[in-house]
Amino acid sequence: MQTRGIANECGRIGGHKPAPIPYTEEQLKGMFWRFDKNGDRRLSKQELKAAFKELGALIPGFRANRGLHHADANGDGYISDEEVDKLVKYAYQLGYKVN
């Protein structure tokens, strides 16, 4: 539902929404690993895209590409166990929050 072009879901009209709570780095790490659908302990670009979509990214494909750029130290196109901390730091700096 919209009122004057502003969606009610945005929290600016009517009712009160709870304040967003930032994820901890550990929560973000666990959330990313939930999207390792094939269980190979590596996150592909598609898996990262799905994770950033879940986090609420407006353009999850862009965030997945940037996440790979920031964290994929060996350039293989995947985020491994050794690289996931860099990915988490990137996402944490973006300020993702959970409602």
Side-chain angles (χ1 to χ4, degrees):
M1 182 175 163
Q2 288 193 344
T3 305
R4 295 184 188 194
I6 301 172
N8 283 341
E9 295 83 33
C10 77
R12 292 175 57 190
I13 296 176
H16 292 29
K17 288 183 82 172
I21 302 166
Y23 283 104
T24 66
E25 290 186 18
E26 279 303 308
Q27 287 171 318
L28 275 171
K29 186 185 287 190
M31 197 281 309
F32 279 120
W33 285 125
R34 277 195 358 239
F35 286 88
D36 179 21
K37 297 300 182 189
N38 61 1
D40 65 353
R41 295 303 291 171
R42 300 185 315 162
L43 295 167
S44 68
K45 188 162 101 173
Q46 284 305 112
E47 290 168 334
L48 289 174
K49 182 178 176 180
F52 278 108
K53 183 176 181 180
E54 176 75 14
L55 284 169
L58 295 177
I59 306 172
F62 174 78
R63 287 290 167 222
N65 283 332
R66 297 302 299 155
L68 278 170
H69 174 77
H70 283 277
D72 183 17
N74 64 7
D76 67 353
Y78 294 91
I79 302 298
S80 64
D81 275 330
E82 297 82 27
E83 299 165 330
V84 75
D85 287 334
K86 288 182 183 177
L87 175 67
V88 168
K89 287 186 189 318
Y90 166 72
Y92 196 72
Q93 289 172 351
L94 294 174
Y96 282 104
K97 302 187 182 340
V98 63
N99 287 324

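- Partners of Y90 according to the ring pair (Phe, Tyr, Trp, His ring centres under 6.0 Å) rule, which considers only residues two or more places apart in sequence or in another chain, are H70.
- A donor atom on one side chain and an acceptor atom on the other are found under 3.5 Å apart for E82 and S80.
- To the nearest 0.5 Å, the span separating CD on E25 from CG on D85 amounts to 8.0 Å.
- Residues V88 and L94 share a single hydrophobic cluster, defined by chaining ILVMFWY side chains whose heavy atoms lie under 4.5 Å apart.
- Note that CD of Q27 is 9.0 Å distant from OH of Y92, once rounded to the nearest 0.5 Å.
- A distance-only check finds a donor-acceptor pair linking the side chain of D72 to the backbone of D76 [under 3.5 Å].
- Minimum interatomic distance between D81 and R41 (heavy atoms only, all atoms of both residues): OD1-NH2, 2.9 Å.
- Listed by chain and residue number, F35 satisfy the side-chain contact (heavy atoms from CB on, under 4.5 Å) test with A50 (two or more places apart in sequence, or in another chain).
- The heavy-atom pair separating W33 from L43 by the smallest distance is CZ3-CG, 3.8 Å.
- Of the inter-residue distances, the one linking M31 atom CE with R34 atom CZ reads 6.5 Å to the nearest 0.5 angstrom.
- Closest approach of E83 and A71 over heavy atoms only: CB-O, 3.3 Å.
- Interatomic distance, F32 CZ to L48 CG, rounded to the nearest 0.5 Å: 6.5 Å.
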**Asked** Stepwise, does the side-chain contact (heavy atoms from CB on, under 4.5 Å) test hold for E47 with I79?
**Response** CA-CA 10 Å; E47 290 168 334; I79 302 298; over 6 Å; no
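- At least one side-chain heavy atom of N65 sits less than 4.5 Å from a side-chain heavy atom of K45.
- The two atoms that bring F52 and A64 nearest to each other are CD1-N, 3.9 Å, heavy atoms only.
- When all heavy atoms of V84 and K29 are compared, the pair lying nearest together is CG1-CE, 4.1 Å.
- Side-chain contact between R63 and L55 is absent, with no heavy atoms from C-beta onward closer than 4.5 Å.
- No more than 12 heavy atoms of other residues, nucleotides or ligands sit less than 6.0 Å from atom CD1 of I59.
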